[in-house]
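For reference, the structure discussed in these notes is given below.
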Amino acid sequence: MITPRVAGHAARLPSAGLPAYVYDLAALDAHAREVRAALPERVELYYAAKANPAPGILTALAPHVTGYEVSSGGELAHVRAAVPGAPLAFGGPGKTEEELRLALSLGTERFHVESAGELRLLAALAGERPGGAPVDVLLRVNLPAADGELSGAALAMGGRPGPFGLDPADAEACLPLPPGGPLRLRGVHAHLASGLDAPAQLAVAGRVVRWARALADRHGLPLDEVNTGGGMAVDYARPEARFDWAAYGAGLAALAAAHPGLTLRVEPGRSLTAHCGWYVTEVLDLKHSHGEAFAILRGGTHHLRTPAAKGHDQPFTVLPAEEWARPWPRPAALAEPVTLTGQLCTPKDTLARRVPVERLRVGDRVAFAMAGAYAWNISHHDFLMHPNPTFHFLS
Ligand SMILES: *Cc1c(COP(=O)(O)O)cnc(C)c1O
C-alpha cells in the first residue's frame with residue numbers, strides 16, 4: 001500500500017526531518033487521469049480544494065480537472081494564485097461581503113448560493129459593477145433524502161435540517177432571477193453527503209437532476225448545469241480499495257444521455273487526494289501499560305487529526321530501521337496488538353488502536369497511509385508547540 005518511491009524516501013529522511021508528509025505526485029497524476037478517463041466527456045470534474053490545498057497538489061491535478069471548488073475567500077485567492085486561469089466555483093455557507101467582493105473582483109466563474117439572503121447580497125454587490133457581465137450562479141439545494149439513501153454516508157450535509165443550502169421551496173421562491181439583472185441562474189448544486197459508494201452517489205445524482213429539471217420546467221427556465229457535489233467514498237479500513245469510478249462514470253453517462261444539453265459537474269475532494277499522501281514518523285518510546293503495548297510516535301494528531309476526527313485507525317506500514325546505537329536493550333512489541341499514539345498530553349492523541357504488528361521497536365519508522373486529504377490542513381498544529389513536520393512532494 002505504500003509506493004516504493006515513498007518508502008524509499010521515508011527511509012532516507014534524517015530523524016531531524018521527521019515527522020514528514022510525503023506525497024507521491026506521480027501516483028496522484030495516474031489516479032486523477034484514471035478518474036477523468038472514467039467520467040463521460042460531458043461531466044466536468046472539479047477538485048474540492050479544502051481536501052488538500054497544497055500548491056503541489058493543486059498543480060498536479062491541473063491537467064485532469066476542469067476547475068476547483070473553493071469554500072472561502074482564503075481558498076479562492078490561494079487557488080487563483082496557485083493555478084492561475086483555472087475556473088473556480090465558490091461555495092460554502094456564511095460568505096462574507098468581503099469574500100463576495102473578492103470573488104467578484106477575481107472573476108470567479110460560479111457562485112454556489114447557499115441562501116436567499118446570500119442571493120440578495122450577491123445581486124447587490126454584482127449590480128454595483130458598472131457594465132459587468134452577469135454573474136453565474138447555481139442554487140445549492142438541500143433536498144430531503146429518499147428512504148435510506150444517505151444511510152451509508154460518513155457525513156451528511158443535507159437530506160435533513162442543517163446550515164447548508166436552500167430548502168426546495170426556498171430555492172423555488174428565488175425564481176425567476178430578475179431578467180437583465182446582475183445574476184444569471186445556470187442551474188443547481190447539491191452536496192448532500194460524504195462517503196457514499198457509486199450506486200448511492202448515482203441514486204442521489206439522478207434525484208437531484210430530476211428535481212432540478214422539474215424545477216426549471218415549472219418556471220420555463222433553461223437548465224444548463226447540475227453540480228452533484230463530492231463525497232465519493234474512501235474506506236480507511238481498506239486502504240487498497242477505491243471508489244468505483246468506472247461504474248459511477250457509466251451511470252453518469254446514462255444520466256447525461258437522458259438530459260441532452262445539460263452539463264453535469266462533480267466536485268470530489270477526499271477520493272482524489274487521500275491515497276497520495278503519507279505521514280511518516282518514528283517510534284520514540286515503546287512500553288507496556290497494564291498489559292497492552294503502546295508506541296509513542298514523534299508527532300501525533302496535531303499533524304494528522306484524521307483518525308481522531310473520524311474515529312478510525314489510520315492504516316500504516318512499519319518501515320524497520322536496523323540501527324540501534326544505545327547501550328541498552330531496544331524496547332519492542334512482538335507479535336501483539338499495539339496502540340500508536342503521539343506526543344500530546346491527551347488520550348485523544350491516538351492514531352491507531354490495538355492493531356496487531358509482527359514487530360515494532362523504538363527507532364522503527366511508521367508511514368501512515370491515506371494522509372493526502374483532510375490530514376495536515378485540518379489539524380491543530382499549535383497545540384503543545386511541537387515542531388511542524390517537513391513536506392515532500394515527489395514527482
Ligand atoms: C467538502 C465538499 C466537497 C468535497 O467533499 P469530499 O467528501 O472531500 O469529496 C464537495 N463539495 C462541497 C460543497 C463540499 O463542502
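Just so we're clear, the structure is a prediction, and the values are computed from it rather than from any experiment. These numbers come from the heavy atoms of this one structure, side chains and all, not from hydrogens, waters or symmetry mates. In each ligand, atom 1 is the first atom listed, and ligand 1 is the first ligand listed.
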As an exercise, identify every atom of ligand 1 less than 4.0 angstrom from a heavy atom of G231. 5 (O), 6 (P), 7 (O), 9 (O)
Interfacing atoms of ligand 1 (cut-off 4.0 Å, heavy-atom, G230): 9 (O), 10 (C)
May I ask whether Y374 has any heavy atom positioned less than 4.0 angstrom from an atom of ligand 1? yes
Atom indices of ligand 1 within 4.0 angstrom of A48 heavy atoms, with elements: 3 (C), 4 (C), 10 (C)
One finds that the ligand 1 atoms under 4.0 Å from a non-hydrogen atom of P268 are 9 (O)
Close side-chain approach of N52 to W376, heavy-atom, < 4.5 Å: no
In this structure, atom 14 (C) of ligand 1 is nearest to the protein heavy atom K50 NZ, 2.9 Å
For E267 and ligand 1, does the shortest N/O to N/O distance drop below 3.5 Å? yes
Given that the side chain starts at C-beta and the backbone is N, CA, C, O, which of these parts of H191 lies under 4.0 Å from ligand 1, counting heavy atoms, or is it both or neither? side chain
What atoms of ligand 1 come closer than 4.0 angstrom to any heavy atom of R270? 6 (P), 8 (O), 9 (O)
Do other residues, nucleotides or ligands put more than 12 heavy atoms under 6.0 Å from E41 CD? no
Those atoms of ligand 1 less than 4.0 Å from some heavy atom in S194: 7 (O)
More than 12 foreign heavy atoms under 6.0 Å from NZ of K348: is that the case here? no
Electrostatic pair K95:E75 at N-O distance under 4.0 angstrom: no
Quick check: do P307 and Y236 have side-chain heavy atoms less than 4.5 Å from each other? no
Name the orientation class of the two ring planes belonging to Y47 and Y68 (parallel below 30°, tilted from 30 to 60°, perpendicular beyond 60°). perpendicular
Ligand 1-proximal atoms of H112, by part, heavy-atom distance under 4.0 Å: neither
Calculate, to the nearest 0.5 Å, the distance between atoms CG and CZ belonging to L88 and R110 respectively. 11.5 Å
Going by atom type alone, with no hydrogens or angles, which donor-acceptor pairs under 3.5 Å involve a side-chain atom of residues 192-203 and a protein atom two or more places apart or on another chain?
residue: D197; atom: OD1; partner: A200; partner atom: N; Å: 3.1
residue: Q201; atom: NE2; partner: G230; partner atom: O; Å: 3.2
residue: Q201; atom: NE2; partner: G231; partner atom: O; Å: 3.1

If the contact criterion is a heavy-atom separation under 4.0 Å, does S71 count as touching ligand 1? no
Enumerated ligand 1 atoms positioned under 4.0 Å from heavy atoms of G269: 4 (C), 6 (P), 8 (O), 9 (O)
For S271, state whether at least one heavy atom is located under 4.0 Å from any atom of ligand 1. no
Knowing that exactly one of F368, F393, F391 qualifies, which makes a ring-ring contact (aromatic ring centres under 6.0 Å, His included) with Y21? F391
